[in-house]
K.L.:
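Sharing a structure below in C-alpha cells format, with a few things to ask.
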Amino acid sequence: SLPVSVPRGFKCPLTLQVMRDPVATCDGQVYERGAIEKWFLQGRRSSPVTGLTLENLSLIPQLALKAAISAFMSHPAAPQENTSPAGASLDQSAGRLPGQSQSAVEPSCLYEEPRST
C-alpha cells in the first residue's frame with residue numbers, strides 16, 4: 001500500500017517532530033509544550049511562527065489534537081516516526097479545562113503598537 005504521511009498540523013513547527021503534548025499560545029499557534037517552553041525560557045516573547053510579540057505567555061492544552069495525533073499514530077499504516085523529544089509534562093492534568101480546544105483561543109493577545117494618525 002501507499003505510504004501515509006503525517007499531517008503537517010501534527011508536527012511542531014519548532015522541532016518538526018510529531019507532538020506528544022500540543023499546546024496553543026495565545027495567538028492560536030500550536031507547539032510541543034517542551035519546545036515552546038524552552039523558546040520562552042530563552043527570553044523570547046514573540047510567536048516563533050509569525051514573529052509578532054505575544055501579549056502573554058499562557059499555553060492552552062490541545063486535548064482534541066493530542067487525541068487525534070495518538071489515534072493517527074497508533075494506526076498500522078501510520079509511519080513510525082519519532083515523537084518530539086521534548087516529551088509530555090509530568091502532570092498531564094495540570095492547567096487543563098475539560099473540553100478546552102483551540103477554538104477557545106482568542107487571537108487578541110497579539111500586541112500591536114498604536115498607530116499614529
K.L.:
Could you give the distance from CG (D21) to CD (Q62), rounded to the nearest 0.5 Å?
P.N.:
10.0 Å

K.L.:
Using side chain to side chain contact (heavy atoms under 4.5 Å, CB included), reason through F72 and V4 one step at a time and then give a plain yes or no.
P.N.:
CA-CA 10 Å; F72 178 86; V4 178; 3.7 Å; yes

K.L.:
So, for M73 and V6, which heavy atoms are closest and what is the spacing to 0.1 Å?
P.N.:
SD-CG2, 4.1 Å

K.L.:
About how many Å separate CG of L54 and OG of S46, when rounded to the nearest 0.5 Å?
P.N.:
6.5 Å

K.L.:
Just by distance, do the side chain of S74 and the backbone of S70 share a donor-acceptor pair under 3.5 Å?
P.N.:
yes

K.L.:
Go through the steps for V18 and E32 under the test side chain to side chain contact (heavy atoms under 4.5 Å, CB included), then give the verdict.
P.N.:
CA-CA 8 Å; V18 176; E32 173 62 38; over 6 Å; no

K.L.:
Measure across L16 and P13 and return the closest heavy-atom pair with its distance rounded to 0.1 Å.
P.N.:
CD2-O, 3.8 Å

K.L.:
Where do V23 and P61 come nearest, in terms of heavy atoms and distance?
P.N.:
CG1-CA, 3.9 Å

K.L.:
To the nearest 0.5 Å, what is the distance between NZ on K11 and CD1 on I69?
P.N.:
11.5 Å

K.L.:
Kindly indicate whether the side chain of V49, heavy atoms from C-beta on, has any atom under 4.5 Å from the side chain of Q29.
P.N.:
yes

K.L.:
Taking all non-hydrogen atoms of both residues into account, name the closest pair between A35 and C12 and its distance.
P.N.:
CB-SG, 4.1 Å

K.L.:
Atom CD in E55, atom CZ in R45: separation rounded to 0.5 Å?
P.N.:
13.5 Å

K.L.:
Apply side chain to side chain contact (heavy atoms under 4.5 Å, CB included) to residues W39 and T25 and explain how you reach the verdict.
P.N.:
CA-CA 12 Å; W39 176 268; T25 51; over 6 Å; no

K.L.:
Mind checking what makes side chain to side chain contact (heavy atoms under 4.5 Å, CB included) contact with S58, not counting sequence neighbours?
P.N.:
C26, N56, I60

K.L.:
Given L59 and Y31, is the side chain to side chain contact (heavy atoms under 4.5 Å, CB included) satisfied, shown in steps?
P.N.:
CA-CA 9 Å; L59 298 175; Y31 307 92; over 6 Å; no

K.L.:
Do you know the tightest heavy-atom contact between P48 and L14?
P.N.:
CB-CD2, 3.6 Å

K.L.:
If you compare all heavy atoms of G9 against all heavy atoms of M19, which two are closest, and at what distance to 0.1 Å?
P.N.:
O-CE, 3.4 Å

